[in-house]
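For reference, the structure discussed in these notes is given below.
All figures in this text were calculated on a predicted structure; none of them were measured in a lab.
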Amino acid sequence: MVGRVLCVAWRSPEQEDLLAVVDELRQAQARLNRKLLYLSVIGPKALPQGKVRDALVGFYRDILASCDSMHVVLEGNEFELSIKRSVIANVLLVVQGRRRVFIENTLERVREVAPVEVRGELGEASRAATLQNLFAFARSEPPVAPKP
């Protein structure tokens, strides 16, 4: 959390991660007594599968219940971006997020298209998360399990 911005980096989302993010949002909203902003970077290899994909509708609904807006950076090559955009677009058809959801390919671009009144908060949160290497996590390869 940076101010009222929850920064999240996704390398390979798991259902427990979705639950933890929603829990953090609810606690922070109660603590701050105001709606939050959600900023996430979805790394190039982060493609939701199975139960995680099925849980996205509820996840995005929960985010938008606690947040004024949602700002998502999708990273990857053209094919990966196309798949991710398709998944998110299908979810957003169900979730009412019009004019509250901003999806771009870079942090800079997501700030540029955000409402003017939140750009400073998003910029500050983005800088803090970058200094802590949070978004580098989304871009990193998952650890390889040792061979028995």
Side-chain angles (χ1 to χ4, degrees), residues 1-76 80-143:
M1 289 291 304
V2 178
R4 69 175 181 133
V5 182
L6 178 65
C7 299
V8 180
W10 297 103
R11 179 170 59 195
S12 181
E14 300 291 335
Q15 195 154 5
E16 306 82 48
D17 299 329
L18 301 179
L19 297 172
V21 168
V22 168
D23 186 51
E24 176 69 21
L25 279 171
R26 288 179 179 150
Q27 288 179 30
Q29 182 187 10
R31 186 174 62 248
L32 296 173
N33 197 30
R34 70 183 293 201
K35 295 276 188 171
L36 307 176
L37 301 172
Y38 175 83
L39 173 63
S40 74
V41 171
I42 300 175
K45 305 295 184 207
L47 295 173
Q49 303 292 324
K51 289 181 181 180
V52 172
R53 181 180 269 183
D54 296 341
L56 286 178
V57 169
F59 176 70
Y60 287 135
R61 273 193 184 129
D62 289 340
I63 287 173
L64 290 170
S66 295
C67 296
D68 282 332
S69 56
M70 184 172 126
H71 308 266
V72 179
V73 177
L74 296 179
E75 295 184 336
E80 292 162 341
L81 289 172
S82 175
I83 291 171
K84 290 178 202 175
R85 283 191 184 276
S86 175
V87 169
I88 291 176
N90 287 332
V91 168
L92 293 177
L93 286 174
V94 178
V95 176
Q96 299 299 314
R98 183 171 247 164
R99 296 189 185 115
R100 295 177 56 207
V101 178
F102 303 89
I103 302 170
E104 292 295 332
N105 296 340
T106 66
L107 282 167
E108 294 77 23
R109 185 73 185 130
V110 89
R111 281 192 312 272
E112 288 172 7
V113 302
V116 173
E117 62 272 11
V118 300
R119 287 181 188 167
E121 291 175 279
L122 291 173
E124 182 181 333
S126 175
R127 284 186 292 281
T130 299
L131 286 172
Q132 295 175 26
N133 293 315
L134 177 67
F135 299 137
F137 168 82
R139 299 173 187 116
S140 68
E141 292 293 324

F102: ring pair (Phe, Tyr, Trp, His ring centres under 6.0 Å) partners, not counting sequence neighbours: H71

Quick one: are [X] and [Y] in side-chain contact, heavy atoms under 4.5 Å?
X: V5; Y: V118; answer: no
X: M1; Y: L32; answer: yes
X: F59; Y: V21; answer: yes

Smallest separation among heavy atoms of V52 and P13, with atom names: CG2-O, 3.5 Å

Closest heavy-atom pair and its distance - S126, L107: OG-CD1, 3.5 Å

Give the table of side-chain donor-acceptor pairs shorter than 3.5 Å for residues 35-42, with sequence neighbours excluded, one pair per line with atom names and distance.
| residue | atom | partner | partner atom | Å |
| --- | --- | --- | --- | --- |
| K35 | NZ | A65 | O | 2.4 |
| Y38 | OH | W10 | NE1 | 3.1 |

My understanding is that only residues two or more places apart in sequence, or in another chain, count here; which of them pass side chain to side chain donor-acceptor pair (under 3.5 Å) with [X]?
X: Q132; answer: none
X: R26; answer: D62
X: E112; answer: R109

Within residues 120-137 or reaching into it, pairs that qualify as salt bridge (charged side-chain N to carboxylate O under 4.0 Å, His left out) - sequence neighbours excluded: R4-E121

Inter-residue atom distance L122.CG - R119.CZ, 0.5 Å rounding: 9.5 Å

From CA spacing to verdict: side-chain contact (heavy atoms from CB on, under 4.5 Å), V101, L64: CA-CA 9 Å; V101 178; L64 290 170; 4.1 Å; yes

